[in-house]
Amino acid sequence: MPSKLTKDSPVTDIYGCGQKKSQMLRSLGILTAGDILRHFPRGYQHRGDVKELRENNVGKTASFVLTVTSAPVSSRINGGKMITKCKAFDGLRSCTLIYFNQKYMRDVLIVGNTYRFWGKLVHGKTGLMLTPITTEPVTETKSLAEYVPVYPSTKGLTQGSLRSLIEYTLENITIDGTNDVLPPEIRSKLEVCGEYEAYRCIHKPDSEQMIENGRHRFLCEELFLFAMAVSYSKKSRKMLKGKHLSKDKCGLSDFLRALPFELTEAQSKVISEIRKDMLSECPMARLVSGDVGSGKTVCAMAAVYMSFRNGYQSAVMAPTEILARQHYKDFSEVLGKLGIECALLVGSMTKKEKEAVLKKISGGEVMVVVGTHALISENVSFRDLGLTVTDEQHRFGVMQRASLQTKSDSPHVLVMSATPIPRTLALILMGDLDISVIDRMPAGRQKVDTYVIGERHRERLNRFILKQVSEGHQVYIVCPSVEASEEEENIGQTGDFSEFIPLADDSSYALSEKMPELKNVLDYEQNLKNNVFPDLRTALIHGKMSGSEKDRIMSDFADGKIDILVSTTVIEVGINVPNATLMIVENAERFGLSQLHQLRGRVGRGNAKSYCILVSDSKSENSAKRLEVMRTTGDGYKIAKYDLDMRGPGDFISVSSGGESTGLRQHGNFGTKLSGLCSDQLLLAKVFELAGECLEKDPQLTHSENAALRQYVVKSGESVNKTIN
Ligand code: ADP
Ligand code: MG
């Protein structure tokens, strides 16, 4: 008998978990007993809800309690499959039970005994037919579970073995209240249960209320930890001394002359706010929020210019390599005119190239570096970093920001939000930042006409594509995945997953096992090239390509050498090709609204009239509503507000460090789903208030009841902590 489990016990300490299972668990990110308890069901089978053998239950996967009335008989059918059949009765009607390749059922099922079957009732040749997925004997001694969890799993690991591993863990683990990341006072103020009880609620519920209680606890936990991280980071900044710049070295007249356009009033205002920050004692931490195309980049350039004039280096970080390369080009163009050299640093560069750049950075030969998050990797050292700029997707987390901040004592930090974020929410979520909003577009921006169509309009769509191309324009087509039968690439937690989460019956479980067909980039482009538009120049691009390959294709597209570019969301942010006038999004229901808005922002950048066509055959009412919002609204803030009201703040939250897995499951990994369901802005506000109070009373989290919390905040915010202590 293995000894008692703790959260840190390796999974191999769990009874029934050998090498093979532990490896499968590892592939799910589960290494310890604590991890497995955090492996939450994606839904539940409500087996306690017993159905009758009736016409109106045909086609449903459900629970049936039946008495076996004939002895099971096995026979071989065409194709060599073994089937085992018998009759069963629910007191009113009969059906035939059928098992495939489960000959042993012959010995399991006993005439006259009663069982609970979970399966789908169908019409057979000889009447009603049931193919049970599970068969449980009904006895007087053991009561059957009302709700049975269905877990995300991996090949070879059955639901049954996951369930029994989790059950064993629940029965044998010791979790006392003292190492709960939610301190007792916070738990009572939020009115949530303790950690262990919450696991019981989630994994072994007797009622929907229990499931709800468990979920609520983990939702609150996730939000609270997020609030703590943000508040802690803000507090630490206030205590720092910044690199303040000198006023007479912050003149911008040369910079303004180097620009190809005049600043809008909104841009000037934002730049003066940035300037004020950089002239002050404490380091800047400012978010520039603005709709797609509002001109955020130039604000960042101004900041970089001021930093340069004062002898400080700047680092500009973009979420994707494509975007980093584009920023590099834009920055070089403007700053180059002022004699400022920029360098590029991205993951796909050769070792030699990287080394050369790194050397220039550490020696201070290069003052402006543009790159991906490769920039925050350990081996980059700056001579004197004065400013970091992050062009942020909503997936960028607080922690990443913090980590860039520690590259130097305390540089100024500027964040550009790629997703317009409602101000009320920004004030909370970006609580560690001051906020500037670019609320006006540069003059002459056109509206992009948006349509929502279904498969039956395919022919017309093709004619429209042809028309655009024959007028000399270019087309983007975005698909959710790269190749067939694979998870979508880069779709955030924003997609319409509302259909998958709730108390799933087995049909939705089956659905998510076998996703409804997704358009994929590889097949789609093949088909265009071979069948639909053999005369047009098509190309494809996706995140699995090397950086240089992507770069080559993007520059071919920018140079007009490609008519139709089939892509995943790698083109989501910031790509600028003014001659492109048509954006088509396939499986549009799969994308978050803010993401669709970003994609739409890729067109309408030149003078020609532009269009966005969202293709969706989703039957979901929810999807229809969301796409209708896209069709009727061009304002990114309104769209974001809609997403916030409809779906809660989850889409805007990203807590995890974004770094490579440390082997530990981080809080928040699972929870993105939970917070997707959190439509409760009041709860969010409350959680931030509590985090504030908590830090007020115990700034360094040294009180004993905050020990587990401190560990979390310190672990995920190692870098933040370094700057504090
Ligand atoms: P975003 O806010 O989405 O990052 P960008 O900074 O990429 O927007 O700007 C979008 C486009 O608008 C770029 O091509 C940029 O050169 C142009 N632009 C920015 N500011 C102005 C302005 N004041 N007048 C005219 N064009 C501008
Ligand atoms: Mg941008």
Side-chain angles (χ1 to χ4, degrees), residues 252 255-274 286-305 316-337 342 370-372 388-396 414-421 426 435-448 476 554 557-558 569-581 583 594-608 610 612 634-637 639-640:
L252 284 172
F255 174 74
L256 295 179
R257 266 196 296 277
L259 290 178
F261 46 73
E262 298 233 335
L263 292 182
T264 63
E265 214 172 288
Q267 285 167 325
S268 300
K269 190 177 108 249
V270 170
I271 291 174
S272 71
E273 285 165 348
I274 292 172
R286 183 167 289 278
L287 171 78
V288 177
S289 170
D291 207 343
V292 186
S294 59
K296 295 181 284 284
T297 319
V298 69
C299 302
M301 282 184 199
V304 168
Y305 177 71
V316 180
M317 192 165 91
T320 65
E321 188 155 335
I322 297 186
L323 195 56
R325 286 172 188 272
Q326 187 168 304
H327 274 334
Y328 171 68
K329 193 168 144 264
D330 292 347
F331 274 70
S332 300
E333 244 165 54
V334 172
L335 298 179
K337 283 192 209 156
C342 300
V370 184
T372 50
T388 69
V389 176
T390 315
D391 201 355
E392 196 172 86
Q393 266 178 312
H394 45 268
R395 285 194 275 290
F396 263 41
L414 190 67
V415 179
M416 296 183 285
S417 128
T419 316
I421 177 169
I435 300 174
S436 293
V437 182
I438 306 188
D439 50 9
R440 283 279 159 71
M441 291 294 217
R445 277 292 140 76
Q446 49 152 310
K447 177 174 163 285
V448 176
Y476 293 105
M554 274 325 297
F557 190 68
T569 51
V570 290
I571 55 144
E572 178 182 337
V573 187
I575 299 298
N576 192 18
V577 180
N579 190 45
T581 54
M583 165 61 69
S594 295
Q595 220 171 5
L596 290 175
H597 183 64
Q598 276 292 338
L599 290 170
R600 179 166 62 186
R602 299 312 106 219
V603 297
R605 302 191 144 239
N607 301 322
S610 296
C612 173
D635 179 335
Y637 283 94
I639 289 173

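In listed order, ligands and their atoms are each counted from 1. Fair warning: this is a prediction, and the values are worked out from it, not measured in the lab.
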Could you tell me the separation between the OG atom of Ser268 and the CG atom of Leu263, rounded to the nearest 0.5 Å?
-> 4.5 Å
Should you measure from each heavy atom of Thr264, which atoms of ligand 1 turn up under 4.0 Å away?
-> 23 (N)
Proximity of Met416 to ligand 1 by residue part, where a heavy atom lies under 4.0 Å | neither
For Gln267 and ligand 1, does the shortest N/O to N/O distance drop below 3.5 Å?
-> yes
Side chain to side chain, Phe557 and Asn579, heavy atoms closer than 4.5 Å | no
Consider every N or O of Val292 and every N or O of ligand 1, then say whether any pair is closer than 3.5 Å.
-> no
Interfacing atoms of ligand 1 (cut-off 4.0 Å, heavy-atom, Asn576) | 14 (O)
Ligand 1 versus Ser294: contacting region, heavy-atom distance under 4.0 Å | both
Step through the shown structure and confirm whether more than 12 heavy atoms of other residues, nucleotides or ligands are within 6.0 Å of NZ on Lys269.
-> yes
Side chains of Leu259 and Gln267: does their closest heavy-atom pair fall under 4.5 Å?
-> no
Backbone N or O of Thr372 within a donor-acceptor pair of the Glu321 side chain at under 3.5 Å?
-> no
Within-4.5 Å side-chain heavy-atom neighbours: Glu273 and Val288 = no
Return a yes/no value for Gly293: is any of its N or O atoms, backbone included, closer than 3.5 angstrom to an N or O of ligand 1?
-> yes
Between Gln598 and Val292, does a side-chain contact (heavy atoms from CB on, under 4.5 Å) hold up when you go through it step by step?
-> CA-CA 7 Å; Gln598 276 292 338; Val292 186; 3.8 Å; yes
Between Gly606, Ser289, Gly295, flag the one that comes closest to atom 8 (O) of ligand 1 by a heavy atom.
-> Gly295
Have a look at ligand 1 and work out which part of Asp330, if any, has a heavy atom under 4.0 Å from it: side chain, backbone, both or neither.
-> neither
For Gly290 and ligand 1, answer yes if some heavy atom of the residue is under 4.0 Å from a ligand atom, otherwise no.
-> no
Report yes if the side chains of Asp635 and Asp291 come closer than 4.5 Å at any heavy-atom pair, otherwise no.
-> yes
Please identify which atoms of ligand 1 are closer than 4.0 Å to at least one heavy atom of Thr297.
-> 4 (O), 5 (P), 6 (O), 7 (O)
What atoms of ligand 1 come closer than 4.0 angstrom to any heavy atom of Glu262?
-> 22 (C), 23 (N), 24 (N)
